[in-house]
Amino acid sequence: MLGKKKQKQKPRRPSGHFDTLVSSRTAIEGDVHFSGGLHVDGRIRGKVIADEGADAVLRVSEVGEVTGDINAPHVIINGTVNGDVYASAHLELAEKAAINGNVYYNLIEMAMGASVNGNLVHQRDPVGLLGKQDDPSTLQLQQGDGGTGKPVESDEGAGDGGKSE
């Protein structure tokens, strides 16, 4: 190994250290804004939002529960989430993950046993994930799509239910 320089690599953030812990004996009511690492063993009722521009990591353990939307670049779930998940960089669903809501992701890792009761929506542009919560122009799966499962563009402007005369 003489003469070779070690190349600096950016450490993989999800395996990093966690600044904040919500313990299993803790319940939080209200929105949580964080940067760095947040590990949830307890319950949060409200939105969990990473600060803009932060390379933040949220980890919900198998005993953790979030009732509300999650918006962070790196998200690791092994517990229960009742709400939408917006992961702009990386989403990892471990074997005991249970999500009741839509999942918007850029890169996803899903273990056998994880469940999502909602839509999985791939977003190539991580910046676009931050504003997708209220954007009616995003693609949606409609129940009346004939079982094809193909995305159908939302036609909010048509007052006749999308029918043309």
Side-chain angles (χ1 to χ4, degrees), residues 8-143 145 149 151 154:
K8 280 191 174 182
Q9 290 181 332
K10 188 175 178 182
R12 192 171 168 214
R13 183 69 175 152
S15 62
H17 108 124
F18 290 86
D19 305 307
T20 307
L21 167 69
V22 177
S23 78
S24 59
R25 296 182 177 189
T26 303
I28 296 176
E29 300 241 356
D31 295 348
V32 176
H33 295 264
F34 75 100
S35 62
L38 172 62
H39 181 92
V40 179
D41 283 337
R43 292 185 317 273
I44 297 176
R45 290 183 59 113
K47 294 180 182 179
V48 179
I49 303 165
D51 292 342
E52 263 187 67
D55 193 25
V57 179
L58 169 69
R59 179 168 41 191
V60 180
S61 75
E62 68 180 74
V63 294
E65 182 178 337
V66 175
T67 302
D69 293 348
I70 292 174
N71 194 334
H74 301 278
V75 181
I76 303 166
I77 299 174
N78 198 21
T80 304
V81 175
N82 296 304
D84 293 344
V85 176
Y86 300 85
S88 59
H90 177 255
L91 172 65
E92 181 179 331
L93 301 178
E95 63 184 15
K96 295 185 179 179
I99 299 176
N100 297 306
N102 296 325
V103 175
Y104 301 86
Y105 67 93
N106 184 27
L107 179 67
I108 191 168
E109 210 175 315
M110 191 169 181
M112 189 181 319
S115 67
V116 175
N117 187 11
N119 295 324
L120 289 171
V121 182
H122 179 249
Q123 302 287 332
R124 290 178 195 257
D125 184 15
V127 177
L129 289 174
L130 298 176
K132 292 295 182 190
Q133 290 123 335
D134 301 320
D135 186 3
S137 66
T138 59
L139 295 178
Q140 303 174 4
L141 291 180
Q142 296 181 351
Q143 289 181 337
D145 67 352
S154 171

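Starting from 1, each residue takes its place in the sequence as its number. These numbers come from a predicted model, not from an experiment.
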Can you see which heavy atom on [X] is nearest to which on [Y], and at what distance?
X: Ile77; Y: Ala97; value: O-CB, 3.3 Å
X: Ala111; Y: Ala94; value: CB-C, 3.9 Å
X: Glu65; Y: Val60; value: N-CG1, 4.1 Å
X: Ser35; Y: Ala54; value: CB-CB, 4.0 Å
X: Leu38; Y: Phe18; value: N-CD2, 3.5 Å
X: Val116; Y: Met110; value: CG2-CE, 4.0 Å

Side-chain donor-acceptor contacts of residues 21-29 below 3.5 Å, not counting sequence neighbours, with atom names and distances?
{"residue": "Ser23", "atom": "OG", "partner": "Arg25", "partner atom": "N", "Å": "3.4"}
{"residue": "Ser23", "atom": "OG", "partner": "Thr26", "partner atom": "OG1", "Å": "3.0"}

What distance separates [X] [atom1] from [Y] [atom2], expressed to the nearest 0.5 Å?
X: Asp31; Y: Asn71; atom1: CG; atom2: CG; result: 11.5 Å
X: Ile99; Y: Ile70; atom1: CD1; atom2: CD1; result: 7.0 Å
X: Asn106; Y: His90; atom1: CG; atom2: NE2; result: 10.0 Å
X: Thr80; Y: Asn100; atom1: OG1; atom2: CG; result: 7.5 Å

Problem - Donor on one side chain, acceptor on other, Asp55 and His74, under 3.5 Å - result: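 Their side chains do contain a donor-acceptor pair, which is all the 3.5 Å distance test asks for.
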
Problem - Asn78 and Arg59: CA distance, side-chain angles, deciding distance, side chain to side chain contact (heavy atoms under 4.5 Å, CB included) verdict - result: CA-CA 8 Å; Asn78 198 21; Arg59 179 168 41 191; over 6 Å; no

Exercise for the section: Answer yes or no: is there a donor N or O on one side and an acceptor on the other, between the side chain of His39 and the main chain of Thr20, under 3.5 Å? Expected result: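 Between the backbone of Thr20 and the side chain of His39 there is no qualifying donor-acceptor contact (under 3.5 Å).
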
Exercise for the section: Determine yes or no for a side-chain-to-main-chain donor-acceptor pair under 3.5 angstrom, with Asn102 supplying the side chain and Asp84 the backbone. Expected result: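 Side chain of Asn102 to backbone of Asp84: no pair is present.
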
Are side-chain heavy atoms of [X] and [Y] found at a separation under 4.5 Å?
X: Thr67; Y: Arg43; answer: no
X: Tyr105; Y: His122; answer: yes
X: Phe34; Y: Leu58; answer: yes

Practice task
Return the set of residues passing salt bridge (Lys or Arg N to Asp or Glu O under 4.0 Å) with Glu62 (not counting sequence neighbours), or none when no residue passes.
Solution key: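 So Glu62 forms a salt bridge (Lys or Arg N to Asp or Glu O under 4.0 Å) with Lys96.
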
